[in-house]
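Letters A, B, ... are given to chains in the order of the sequence lines, protein chains preceding strands, and every chain is numbered from 1. Bear in mind the structure is a predicted one, so any value in this text is a computation, not a measurement.
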Amino acid sequence: MRLSRYFLPILRETPKEAEIVSHRLMLRAGMIRQESAGIYAWLPLGLRVLNKVCAVIREEQNRSGAIELLMPTIQSADLWRESGRYDAYGKEMLRIKDRHEREMLFGPTNEEMITEIFRAYVRSYKDLPLNLYHLQWKFRDEVRPRFGVMRSREFLMKDAYSFDLDQAGARHAYNKMFVAYLRTFQRLGLKSIPMRADTGPIGGDLSHEFIVLASTGESEVFCHKDYLDFAVPPADTNFDDIAGIQATVDKWTSLYAATSEMHDAAAYDAIPADRRVSARGIEVGHIFYFGTKYSEPMRAVVNGPDGKEHTVHMGSYGIGPSRVVAAAIEASHDEQGIVWPDEIAPFKVALLNLRQGDSAVDAACADLYAKLSAKGVDVLYDDRDERPGGKFATADVIGLPWQLMVGPKSLAEGKVELKRRATGERELLSPVDAVARLTA
RNA sequence: CGGGGUAUAGCGCAGUCUGGUAGCGCAUCUGCUUUGGGAGCAGAGGGUCGCAGGUUCGAAUCCUGCUGCCCCGACCA
């Protein structure tokens, strides 16, 4: 993409309403624009990141055996009356009426709807297990939205729903999502730790929040240091290996890890002092087994091998991609701006023409741009008629992993400069070698 | 939902106390000179001062009501 033809409204100064670093940088980098309190437009650069986050989530959901569909944002109030949540949900639910005065709502989540879809078609245990997910915008009319897309009213969510014949099956479904989440967050470049979450009236131990460690995180977390070095399950993990998956989950739940709400000071103190981690974190995912909470009132039943009806056991598994974008920035930035993890960077390389109008520099840039693009590298070519300083600052704030700088001085010696955003390391090398390095 | 702020040009702000017809920096546009970490000079454009009433010869400024947004707390992917 040529920057001169792109839409990238960089802000030189920080808008005063932005309090936390991810919000400030997302505004400065031209990723989002606030349209109302807690409601944001995703500008081109932000959308590229959001889409990359979603792509990774999809791949890992699919790998674990979950199946994608897409449910609407607008739901009928009657559906929610079946589960009793229409009255229970409160003012966080945005309720609306259509032209026929029918009561509708903008979905804050989709348990009722997925249960309705399931019960309409599935009759036999032979169709189980089943895990259906979608990526869709949700709306929760929070009293006080804040921190940009970190806590917005409208937000994107990946929500998966599992259906099993019994609790044992549901546990395996839960474990598969647990493993998929470990893989997902690692690929997104985030260090996540599953922490025991409150299961409310359902009880049991099948609820975990996935917390990303970031010094600016919203909540206080406590865990055993060994978690930081645990190996994440590999891509060829066999998700049908019930014992194997269980072993992985057992390992990742063997040590102490809790948010302040679930904190047990005695258990934490039992950890050797040099292994204790007290830090801050951001919740980016939540997995939950809730048994027959919805299948019971909504009559989602299948015939079992015993010829009898069984109410299915369900679980739901959420990741907030829009929040993940903000969390990634909280976890990875510096004074200059964002430092994107490679997998979710909006572009891989910023190609900086440091002397726009110089025929040799222009030609070298055009050649590099063509060669990199031809090899499938996402390049943002800064071909604006700007001074070098401005181009450096722009590249730094939007945080692309690599900066490839072409100026008259080094080019006279047949060299261009490649800078790694994260470390600041610079290297002078020939254009041919630069392309080789970026396509390796 | 309680408490506290705030609203003036695209962004950041001054002007409001003490009423007299709107200003600064950055950004934008034109020209020339510049060009490896946010350049210089010259010129230009851009604001019904959040909205609605009221007081006054005259309101960004005083009064009343409303709305948006932000921050702190209780609540949340």
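- Remark: A:Arg12 is not in phosphate contact with B:C26, judged by side-chain N or O atoms under 4.0 Å from OP1 or OP2.
- Atom pair A:Asp385:CG and B:U33:C1' shows a separation of 13 Å (rounding to whole Å applied).
- When the C1' atom is used for both B:C13 and B:A9, the distance is 12 Å, rounded to whole Å.
- A:Glu17 comes within contact range of the sugar-phosphate backbone alone, with a heavy-atom separation under 4.0 Å but no base atom that close.
- Separation of the C1' atoms belonging to B:C71 and B:C29 is 38 Å when rounded to the nearest angstrom.
- Not counting sequence neighbours, A:Arg140 has no partner by the salt bridge (Lys or Arg N to Asp or Glu O under 4.0 Å) test.
- Regarding contacts with the backbone of B:C70, a side-chain N or O of A:Gln34 is found under 4.0 angstrom from either OP1 or OP2.
- Nucleotides B:G25 and B:G45 are separated by 16 Å at their P atoms, to the nearest Å.
- Considering only side-chain N and O atoms, A:Lys91 lies under 4.0 angstrom from the phosphate OP1 or OP2 of B:C1.
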Contact list (N/O, under 3.5 angstrom) for nucleotides 73-77 of chain B vs protein:
residue, atom, partner, partner atom, Å
B:A74, N6, A:Arg146, NH2, 3.4
B:C75, N4, A:Arg146, NH2, 2.7
B:C76, O2', A:Glu142, OE2, 3.3
B:C76, O2, A:Arg151, NE, 3.2
B:C76, N3, A:Arg151, NE, 3.4
B:C76, N3, A:Arg151, NH1, 3.4
B:C76, N3, A:Arg151, NH2, 3.2
B:A77, O3', A:Glu283, OE1, 3.3
B:A77, O3', A:Glu283, OE2, 2.4
B:A77, N6, A:Ser152, N, 3.3
B:A77, N6, A:Ser152, O, 2.5

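- Side-chain contact, A:Arg2 with A:Tyr369: no donor N or O sits under 3.5 Å from an acceptor N or O.
- Between B:G20 and B:A52, the two C1' atoms lie 24 Å apart (nearest whole Å).
- Protein atom CG of A:Leu352 is 14 Å distant from nucleotide atom C1' of B:U35, rounded to whole Å.
- Residue A:Gln356 is out of contact with every strand shown, counting any heavy-atom pair closer than 4.0 Å.
- A straight line from CD1 of A:Ile39 to P of B:C70 spans 11 Å, rounded to a whole angstrom.
- Nucleotides B:U18 and B:C62, compared at atom P, are 9 Å apart to the nearest Å.
- Relative ring orientation between A:Phe118 and A:Phe163 is described as parallel, the plane-to-plane angle staying below 30° on a 0-90° scale split at 30° and 60°.
- Remark: C1' of B:C71 and CZ of A:Arg24 are 14 Å apart, rounded to the nearest angstrom.
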